[in-house]
Amino acid sequence: YNLLFSVSLDSHLPDLHNKIRNSPFAYEKTLNTIRLFKENNIKFNITTVLNKYNYHLLSDFIDFCISKEIQFVKINPVLPFGFSADQKEMVVSDEDVCNLSNIVINKKGIKINPSLPFALFPLDFIYEHYDEKLCDFLGILSLLPDGNISICGAGYYHKSIVLGNILEIKSYKEFWECNPFLLKIR
């Protein structure tokens, strides 16, 4: 079988992982599971829930995973609904999530699946990894309050995905049909 197990690890720091998982032995049990999977050649990934307690430690967390020879990490930010509906204080701000994309891009030696909005990444990264199943922004542009045009409203915080400014455009049709990034990605 081509089976992949997902192991939840929310911090490389034992006390923090235990706090997030609300269990005094969660960290110990998780590392034991990782050890057993590795010893028995069972394929697995690490899934981490990004929240207010751990987002600022993401780079160190990924380095920890690399040191443990983890091949694949999935990052899921806490969203303000479902189990987290009544724990909104756990949600990471949009601006902080935008800043995390640079950490994800610059890590080498590990595969990272960031469940972050695709448009939060620099244009070159988007071009190289674009998949319409992740985010179909090719038919949409966002006009931001400052007049900037972006492939997503996240351009307000993440200037690297801004394509131009409406005040500087002579022809909207020409912008849509001739913008270098839009031409490249189509």
Side-chain angles (χ1 to χ4, degrees), residues 1-122 124-135 152 154 157-158 160-161:
Y1 297 103
N2 189 16
L3 196 59
L4 176 73
F5 287 90
S6 183
V7 178
S8 295
L9 181 64
D10 297 321
S11 178
H12 60 294
L13 304 175
D15 290 341
L16 182 54
H17 177 74
N18 291 344
K19 176 182 178 179
I20 293 168
R21 289 289 157 177
N22 197 26
S23 171
F25 304 107
Y27 184 83
E28 181 181 324
K29 289 178 180 180
T30 300
L31 286 192
N32 189 46
T33 299
I34 291 169
R35 182 186 56 77
L36 289 171
F37 278 2
K38 290 179 90 169
E39 286 174 3
N40 293 285
N41 295 316
I42 297 172
K43 292 189 336 184
F44 70 98
N45 73 326
I46 296 295
T47 299
T48 189
V49 176
L50 203 62
N51 59 64
K52 278 288 192 187
Y53 298 125
N54 67 3
Y55 80 94
H56 62 286
L57 300 168
L58 182 61
S59 183
D60 292 339
F61 174 77
I62 294 171
D63 289 340
F64 171 82
C65 290
I66 292 169
S67 77
K68 294 288 184 188
E69 298 178 342
I70 304 297
Q71 302 295 313
F72 179 54
V73 174
K74 185 168 192 254
I75 303 168
N76 292 330
V78 169
L79 300 173
F81 49 83
F83 289 119
S84 302
D86 52 348
Q87 297 181 10
K88 292 190 182 1
E89 73 279 358
M90 295 284 287
V91 177
V92 180
S93 73
D94 292 344
E95 186 173 6
D96 288 332
V97 169
C98 287
N99 293 331
L100 294 174
S101 64
N102 289 324
I103 292 170
V104 171
I105 291 168
N106 293 317
K107 288 296 178 180
K108 306 295 183 217
I110 191 166
K111 182 179 177 191
I112 301 171
N113 178 0
S115 295
L116 305 172
F118 207 56
L120 298 182
F121 293 88
D124 288 342
F125 181 87
I126 294 169
Y127 176 70
E128 291 174 30
H129 299 90
Y130 176 71
D131 181 344
E132 67 273 356
K133 290 181 243 104
L134 297 175
C135 180
C152 175
Y157 298 106
H158 204 57
S160 69
I161 62 171

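This structure is a prediction, so every number in the text was calculated from the model and none was measured.
Residues T48 and I75 have side chains in contact (heavy-atom distance under 4.5 Å, counting atoms from C-beta outward). Contact annotation: the side chain of H17 approaches that of T30 to within less than 4.5 Å [non-hydrogen atoms, C-beta and beyond]. For the pair L13 and N54, the minimum side-chain heavy-atom distance is 4.5 Å or more. Residues V49 and R21 have side chains in contact (heavy-atom distance under 4.5 Å, counting atoms from C-beta outward). When side chains are defined from C-beta on, L31 counts as touching Y27, because their heavy atoms get closer than 4.5 Å. Proximity of Y53 to I20: side-chain heavy atoms (C-beta onward) are separated by under 4.5 Å at one or more points.
Heavy atoms of other residues, nucleotides or ligands lying less than 6.0 angstrom from CD of E69 number 12 at most. Under a cut-off of 6.0 angstrom, the local environment of NZ in K38 is crowded, with over 12 non-hydrogen atoms contributed by other residues, nucleotides or ligands. Within a 6.0 Å radius of CG in N22, other residues, nucleotides and ligands contribute 12 heavy atoms or fewer.
When all heavy atoms of N18 and A26 are compared, the pair lying nearest together is OD1-N, 3.2 Å. Nearest heavy-atom pair, N51 versus V92, reported as atom, atom and distance to 0.1 Å: C-CG2, 3.3 Å.
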| request: Apply side chain to side chain contact (heavy atoms under 4.5 Å, CB included) to L16 and L57, showing your working. | output: CA-CA 11 Å; L16 182 54; L57 300 168; 3.6 Å; yes
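Below 30°, between 30° and 60°, or above 60°: for F37 and F44 the angle between ring planes is between 30° and 60°, a tilted geometry.
Applying side chain to side chain contact (heavy atoms under 4.5 Å, CB included) to F61 and the options L9, D10, I66, L50 leaves one that passes, L9.
Atom-to-atom distance recorded for K111:NZ and I70:CD1 is 14.5 Å, nearest 0.5 angstrom. One distance of note links NZ of K29 with OG of S8; it measures 14.0 Å at 0.5 Å rounding.
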